[in-house]
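For reference, the structure discussed in these notes is given below.
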Amino acid sequence: MSAPPAEDLVRQWESEQACLRQQVVEEDTEDWQRSPDFSGLERVGGVDLSFIKGDDINACAQLVVLSYPDLEVLYEDSQMVTLTAPYIAGFLAFRETPFLLEALQRLQENQPTLLPQVVFVDGNGLFHYREFGLACHLGVLSGLPCVGVAKNLLQVQGVYKSEEHQSQIAALQRGGDGFPLTAASGKVLGKNVEKLLEMFLSVCRRLRSSDRSSKPVYVSVGHKISLDTAVRLTHSCCRYRVPEPIRLADCLSREYLRVHFPAADTGIKE
DNA sequence: GCGACAG
DNA sequence: ATCTTGTCGC
């Protein structure tokens, strides 16, 4: 029988990524992005999905919009969704994007004035095997500027957790410090490798107190924003390690699951 | 066979 | 993503 659906699926997804990849805008397109203090920027968004433990089908899709620069919640939307696509490394977007887009569309319909001017995405943007991670995918399909922030290093060709990489991390001192992650040239990347895949690793810091070290996060361009601006904006949205829009989206979606699906596993007695 | 594998 | 409380450190 038609045994491996995965193989055909992956091929189809790869070509879809290649197609959409051409639509990514890797530069600043908004006025506020050029401003030293981002004047003109009033709303930053964050999206995330949280799952019920032991269930990788049902999840809570979360969108949150915060004011800038105060980072206070202006809008939040939690919605239970049923995922159909499997998680395959390099194809996260096919699993999550549809539901994140739906959330943005609900906002567009109900309170268009609250649409975020930029969206932080939990995952990579151009820092991806084919330069088209979740943040690019959501950016292109929504048309909104997007920033990818990953908590773990994806080992894209040429970028590995080498000793040198580790020492570079150790050398980071203050919040906002970073260094570029440059991929080796290769067939997948083709041209302009040095420019296309120049990622920065940055450390976030606590808002006021002295900088405290922590695991770095990996920032990359999603859509309609330059890497420079993406890193600078990410840093300015950090109170903790992960930028507030993403952190709150994560907290709110988890809280939603706690409230609506109390102890779905443990047999809680009466 | 071994390691890697965003979320 | 999720499995997991307290604990050590600044």
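The structure presented is a predicted model; accordingly, all values stated were derived computationally and were not measured. Here is the naming used below: chain letters follow the sequence lines, and residue numbers restart at 1 for every chain.
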For atom [atom1], what is the distance between [N] and [M], given to the nearest Å?
N	M	atom1	result
B:dA4	C:dC3	P	24 Å
C:dG6	B:dG1	P	43 Å
B:dC2	C:dT5	P	33 Å
B:dG3	C:dT4	P	26 Å

Original post:
Taking DNA chain B as the partner, which of residues 142-152 of chain A come within under 4.0 angstrom of it by heavy atom?
Top reply: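 Only A:A150, A:K151, A:N152 qualify.
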
Subject >> Each stem that DNA chain C is part of, given as range with range (3 or more consecutive Watson-Crick or G-U pairs, under 3.5 Å) >> reply: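 DNA chain C forms no stems at all.
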
Subject >> Short side-chain N/O contact to C:dA1 OP1/OP2 from A:R254, under 4.0 Å >> reply: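 Answer yes for this pair, as a side-chain N or O of A:R254 is under 4.0 Å from OP1 or OP2.
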
**OP:** Ignoring backbone atoms, test whether A:Y87 places a side-chain nitrogen or oxygen under 4.0 Å from the OP1 or OP2 oxygen of B:dA6.
**Re:**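 The answer is yes; a side-chain N or O of A:Y87 sits under 4.0 Å from OP1 or OP2.
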
Give a yes or no on whether the backbone of [Y] and the side-chain of [X] come within a donor-acceptor separation of less than 3.5 Å.
X	Y	result
A:R232	A:P36	yes
A:R21	A:E131	yes
A:R258	A:S253	no

If the condition is side-chain contact (heavy atoms from CB on, under 4.5 Å), which residues does [X] pass it with, not counting sequence neighbours?
X	value
A:E42	A:Q117
A:L115	A:L107, A:Q108
A:D122	A:D48, A:K151, A:I246

**OP:** Give DNA chain B the dot-bracket treatment, 5' to 3': Watson-Crick (N1-N3 with N6-O4 or O6-N4) or G-U (N1-O2, O6-N3) under 3.5 Å, [ ] crossing, | other strand.
**Re:** .......

Subject >> Inter- and intrachain pairs under side chain to side chain donor-acceptor pair (under 3.5 Å), touching residues 28-37 of chain A, at least two apart >> reply: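 Applying side chain to side chain donor-acceptor pair (under 3.5 Å) to every pair that reaches into residues 28-37 of chain A, excluding sequence neighbours, yields A:D28-A:S226, A:D28-A:T229, A:S35-A:D37, A:S35-A:S39.
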
[N] [atom2] sits how many Å from [X] [atom1], rounded?
X	N	atom1	atom2	result
A:Y129	B:dA6	OH	P	6 Å
A:L100	B:dG7	CG	P	14 Å
A:D250	B:dA6	CG	P	16 Å
A:L134	C:dA1	CG	C1'	13 Å
A:R247	C:dA1	CZ	P	14 Å
A:H137	B:dG7	NE2	P	17 Å
A:K53	C:dT4	NZ	C1'	9 Å
A:I52	C:dC3	CD1	C1'	15 Å

Subject >> Set of residues satisfying salt bridge (charged side-chain N to carboxylate O under 4.0 Å, His left out) with respect to A:R106, sequence neighbours excluded >> reply: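 With sequence neighbours excluded, A:R106 shows a salt bridge (charged side-chain N to carboxylate O under 4.0 Å, His left out) to A:D77, given in chain and number order.
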
Within the 4.0 Å heavy-atom criterion, would you say [X] contacts the bases, only the backbone, or no part of the nucleic acid?
X	result
A:D56	nothing
A:F94	nothing
A:D48	sugar-phosphate
A:G90	base

Original post:
So, are A:D250 and A:R254 salt-bridged, with charged N and O less than 4.0 Å apart?
Top reply: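 A salt bridge is present here (some side-chain N lies under 4.0 Å from a carboxylate O).
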
Subject >> Pair listing, salt bridge (charged side-chain N to carboxylate O under 4.0 Å, His left out) test, anchored in residues 79-96 of chain A, at least two apart >> reply: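 Applying salt bridge (charged side-chain N to carboxylate O under 4.0 Å, His left out) to every pair that reaches into residues 79-96 of chain A, excluding sequence neighbours, yields nothing.
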
Original post:
Of all residues at least two apart in sequence or in a different chain, which pass the side chain to side chain donor-acceptor pair (under 3.5 Å) check with A:R247?
Top reply: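 A:R247 satisfies side chain to side chain donor-acceptor pair (under 3.5 Å) with A:E244 once adjacent residues are dropped.
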
Subject >> Residues forming a ring-ring contact (aromatic ring centres under 6.0 Å, His included) with A:F51, sequence neighbours excluded >> reply: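 Expected list: none.
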
Enumerate donor-acceptor pairs with a distance under 3.5 Å from any side-chain N or O in residues 78-85 of chain A to protein atoms, sequence neighbours excluded.
| residue | atom | partner | partner atom | Å |
| --- | --- | --- | --- | --- |
| A:S78 | OG | A:Q62 | OE1 | 2.6 |

